[in-house]
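Values in this document were obtained by computation on a predicted structure and should not be read as measured data.
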Amino acid sequence: MNLEELNKKILQDFKKGNFRENFKDLIKIYKLKKDSDIANKIGVILINLNKINYAEYFFKIAINLNNKNFKPYFNLANLYKSKNKKLSEKYIDLALKIDDKKEAILLKSHLLIQNYKYEEAIKMLKDLNSSESFFLLGSSYLSLGEDEKGKYYLSESLKFNNLQIDFLNLNTFPRVYNKTKDISFFRKRFENIINHISTSISDQNISELDRINILSSKTNFNLSYQQKNDFYLNKKYQELCQKILNYNYKESHFEKNKIIFISGFFYKHTVSKLFFNFIEELSNIESLDVHLLFISNKEDDWTEKYKKLNLKFHKKTNVKNIYDFLKDEKFGSAIFLDHAMNNISQTILCSKLAKNYFVFWGHPVTTGSSNVDYFVSSKLMDSGNENEYSEKLILLDGIGFNYKLDEKLKDIKISKPKDNSIYIPQSLFKFLPKYDYLIGEILNQNKSSTISFIKDKDPSYTLKFINRLKNIPNIKKNFDRVIFIEGMNQISYYEELSNQKIIVDTIGWSGGNTTMEALYLNKPVITIKGKSLRGNHTSAILKKLELNELIADNYSEYLSIIKKINSDKNFYDLVVSKIIKNKNLIFNKKISLYEKIKDFL
């Protein structure tokens, strides 16, 4: 085979995804002539084979062979963009010095946006006029609080029918809303883009790898923070995801007692604190062959705790490898601790690769997926809500989890709280505009009190939230009593929580882990009963503690409880003593997951 025929074969194999053949053929050429372009192509193939370290090596060889070759600089920048931003910036800047190609400008803009430098990104993007540039412009303007400009550019991006970018566009929402009516706008927009993609995808020739890359690019995580019933929209979304994947796998033989837990959060994270003890419970059932699939690269001392359990620990982040692994193992049940919180888990849910799919409430809303059989929740949080789920609802007793305490929380000294301090320690995207007036009322009714929030990691979103709050007269006139605390490491967060007097729950999206940590430190938590799982975490926990006096039925009662516990020392002391007396009911009393699900395995 001559060189021309070999190059033709390489191109055909690449289009078919035959990357191993590509590698063999390119190495043959490279051995004949050590060329920068060939070394760069080998690097690209190695990325597709998930041999990242070797890919990095060949890109650097390509640069050594020709330090004016744009491609290896660009590919290294792309390789590093998620794992080492500084190195990515270094290589994209070098690439841009050689040639300011559109793809390099786009990658540089992505990096600027990741560093919250939206104005700089906008300057670079304004003249590109492409689907991706308009998408990035729209995202940047949303972050800056210029929502109308954001909507305009996101809409312009859709006119190019770029499936990869359209899918990112579909899953783009403001993390902080300026106005309540914007929620309706983005819900309608979400459904319209689903219809747009669903119609256009039939006419497109898409490789299996491209389909996987699209689905693992972004999830619909932020949709649920609009705090609506997402049953219908999530169902449509999952139908679209399955259509994009187009992966028809049928298997009739599964091993009933072979189960696997799947998550990207097998490290110190809320998901682990809520569900570690369930995994430990099932790992000790002799009749079960228990496995764990970790779909993330982050590890810590909690990861080591999982590895020490009586189970088989697997770590995989390549989706094709995961599919092959799950097909080969023929698990009877796959139990997802969460969904929509990890891009890889979204791609797994799109295909039924075990007899049964269970999902826990790491993300407390229905998946909408026809592949998921059971949603595991709690009687105290979710009774009567069967119609909100596409899955069969399994309700565990009580609060529905056996909490695992962080050892570092146990070491925190419970100190005398700051007087008149009210703390709402939740992410800013959990606060909706329609409840802002209640913050104003809290300030108005508690004249000597401060209210503290935690700043968003993105300064632009903190500013957007502050500007929104100042639209409320009672907040604006009392803004000197509103405090924004910098983001903290875990120990500093616990210490701040210990120093505060009263914890107030966010309405509509209640605290779960946050509430458990606050109660461990003997902090009263005031909540309002919600209508769905995500609004009922704290009320369920307080009911279990026999602290119904901290659960409001309406907004007026919510304000009254906050005022009473802040001003009435006897009431405050009574509540704290009750927390101290009863908290063993939520920290030491165990429920069995196995007994509840064994008949469904």
Exercise. For the atom pair CD1 (Ile214) and OG (Ser217), what is the distance rounded to the nearest 0.5 Å?
Worked result: 7.5 Å
Exercise. Taking only residues two or more places apart in sequence, or in another chain, which ones meet Asp210 in a salt bridge (charged side-chain N to carboxylate O under 4.0 Å, His left out)?
Worked result: none
Exercise. Are the side chains of Ile526 and Ile503 in touch, meaning some heavy atoms are under 4.5 Å apart?
Worked result: no
Problem set entry | Beyond-backbone contact of Lys85 with Lys81, side-chain heavy atoms, under 4.5 angstrom | no
For this session: Take Phe135 and Tyr153 through the test ring pair (Phe, Tyr, Trp, His ring centres under 6.0 Å) and record every step on the way to the result.
Result: CA-CA 6 Å; Phe135 167 71; Tyr153 282 109; over 10 Å; no
Exercise. Does a side chain donor of either Asp147 or Tyr177 reach within less than 3.5 Å of an acceptor in the other side chain?
Worked result: no
Exercise. Quick one: does Lys228's side chain get under 4.5 Å of Leu233's, heavy atoms only?
Worked result: no
For this session: Look at the rings of Phe360 and Phe275 and say which category their plane angle falls in: under 30° parallel, 30 to 60° tilted, over 60° perpendicular.
Result: tilted
Exercise. Say you draw a straight line from OH of Tyr435 to CG of Leu438; how long is it, rounded to the nearest 0.5 Å?
Worked result: 8.5 Å
Problem set entry | Pair Asn171, Asn222: side-chain N/O donor-acceptor within cut-off below 3.5 Å | no
For this session: Would you mind listing every ring-ring contact (aromatic ring centres under 6.0 Å, His included) that reaches into residues 468-487, with sequence neighbours excluded?
Result: Phe453-Phe484
For this session: Indicate whether the side chain of Arg481 and that of Asn478 have a donor and an acceptor atom separated by less than 3.5 Å.
Result: yes
For this session: List in chain and number order the residues that pass ring-ring contact (aromatic ring centres under 6.0 Å, His included) with His269, two or more places apart in sequence or in another chain; answer none if no residue qualifies.
Result: Phe265, Tyr267
For this session: Please work out whether the ring planes of Tyr225 and Phe429 are parallel, tilted or perpendicular, with thresholds of 30° and 60°.
Result: perpendicular
Exercise. Is the shortest heavy-atom distance from the side chain of Asp458 to the side chain of Arg175 under 4.5 Å?
Worked result: yes
Exercise. Any chance the side chains of Gln238 and Asn234 put a donor and an acceptor closer than 3.5 Å?
Worked result: no
Problem set entry | Distance-only side-chain donor-acceptor flag, Ser390 / Thr366, under 3.5 Å | yes
Problem set entry | Pro417 backbone acceptor or donor facing Asn499 side chain under 3.5 Å | no
For this session: Answer yes or no: is there a donor N or O on one side and an acceptor on the other, between the side chain of Lys447 and the main chain of Asn444, under 3.5 Å?
Result: yes
For this session: Please confirm whether the backbone N or O of Thr462 pairs with a side-chain atom of Asp456, one donor and one acceptor, at under 3.5 Å?
Result: no
Exercise. Hey, does Glu496 have a side-chain heavy atom less than 4.5 Å from the side chain of Lys418?
Worked result: yes
Exercise. With side chains defined as the heavy atoms from C-beta onward, is the minimum distance between Tyr520 and Tyr494 less than 4.5 Å?
Worked result: no
Exercise. For Ser370 and Lys352, does a side-chain donor sit closer than 3.5 Å to a side-chain acceptor?
Worked result: no
For this session: Scan side-chain atoms only and decide if Thr538 and Thr515 contain a donor-acceptor pair under the 3.5 Å cut-off.
Result: yes
For this session: Go through the steps for Asp382 and Ser377 under the test side-chain hydrogen bond (donor to acceptor under 3.5 Å, both in side chains), then give the verdict.
Result: CA-CA 7 Å; Asp382 229 3; Ser377 186; 2.9 Å; yes
Exercise. When you look at Asn195 and Lys236, which way does the side-chain hydrogen bond (donor to acceptor under 3.5 Å, both in side chains) test go after all the steps?
Worked result: CA-CA 9 Å; Asn195 295 335; Lys236 286 200 71 170; 2.7 Å; yes
Exercise. Does one side chain, of Asn474 or Glu441, offer a donor that lies under 3.5 Å from an acceptor on the other?
Worked result: yes
For this session: Step by step, work out the salt bridge (charged side-chain N to carboxylate O under 4.0 Å, His left out) result for Lys392 and Asp373.
Result: CA-CA 6 Å; Lys392 177 179 175 60; Asp373 305 281; over 6 Å; no
For this session: Walk me through it: do Tyr461 and Tyr116 pass the test ring pair (Phe, Tyr, Trp, His ring centres under 6.0 Å)?
Result: CA-CA 10 Å; Tyr461 273 109; Tyr116 317 127; 8.8 Å; no
For this session: Verify whether the ring centers belonging to Phe358 and Phe336 lie closer than 6.0 Å.
Result: no
Problem set entry | Basic-acidic side-chain contact under 4.0 Å: Lys159, Glu156 | yes
Exercise. Which is it for Asn566 and Ser449 under the side-chain hydrogen bond (donor to acceptor under 3.5 Å, both in side chains) test, yes or no, and what are the steps along the way?
Worked result: CA-CA 8 Å; Asn566 192 32; Ser449 293; 2.6 Å; yes
Exercise. Are the side chain of Ser88 and the backbone N or O of Tyr80 linked by a donor-acceptor pair below 3.5 Å?
Worked result: no
Exercise. Between Ser130 and Ser133, do the side chains contain an N or O donor and an N or O acceptor separated by less than 3.5 Å?
Worked result: yes
Exercise. Judged by atom type as modelled, is there a donor-acceptor pair below 3.5 Å linking the side chain of Ser157 to the main-chain atoms of Ser131?
Worked result: yes
Exercise. With no hydrogens and no angle check, is any side-chain donor or acceptor of Asn536 less than 3.5 Å from a backbone partner on Ser539?
Worked result: no
Exercise. Under 3.5 Å, side chain of His339 to main-chain N/O of Val365, donor-acceptor pair present?
Worked result: yes
Exercise. Are Lys464 and Glu146 within salt-bridge range, i.e. N to O under 4.0 Å?
Worked result: no
Exercise. Under 3.5 Å, side chain of Asn115 to main-chain N/O of Leu111, donor-acceptor pair present?
Worked result: yes
Exercise. Between the side chains of His363 and Ser224, does any donor sit under 3.5 Å from an acceptor?
Worked result: yes
For this session: Verify, without hydrogens or angle tests, whether Arg534 (side chain) and Ser510 (backbone) share a donor-acceptor contact under 3.5 angstrom.
Result: no
Problem set entry | Parallel, tilted or perpendicular, as decided by the 30° and 60° cut-offs, for the rings of Trp361 and Phe401 | perpendicular
Exercise. Looking at Lys523 and Lys501, what are the two nearest heavy atoms and their distance?
Worked result: CD-O, 4.2 Å
For this session: Starting from the C-alpha separation in whole Å, work towards a yes-or-no answer on salt bridge (charged side-chain N to carboxylate O under 4.0 Å, His left out) for Asp182 and Lys151.
Result: CA-CA 10 Å; Asp182 285 337; Lys151 292 174 190 175; 2.9 Å; yes
Exercise. Using a distance-only test with no angle check, is there a side-chain donor-acceptor pair under 3.5 angstrom linking Asp505 and Gln426?
Worked result: no
For this session: Decide yes or no on side-chain hydrogen bond (donor to acceptor under 3.5 Å, both in side chains) for His537 and Asn513, but give the supporting numbers first.
Result: CA-CA 9 Å; His537 303 327; Asn513 177 61; over 6 Å; no
Problem set entry | No-hydrogen, no-angle side-chain donor-acceptor test under 3.5 Å, Tyr232 and Glu191 | yes
Exercise. Just by distance, do the side chain of Ser263 and the backbone of Phe266 share a donor-acceptor pair under 3.5 Å?
Worked result: no
Problem set entry | Residue pair Gln346 / Ser216, side-chain donor-acceptor N/O under 3.5 Å | no
Problem set entry | Tyr237-Phe190 aromatic ring centre distance below 6.0 Å | yes
Exercise. So, for Tyr389 and Phe231, is the gap between ring centers shorter than 6.0 Å?
Worked result: no
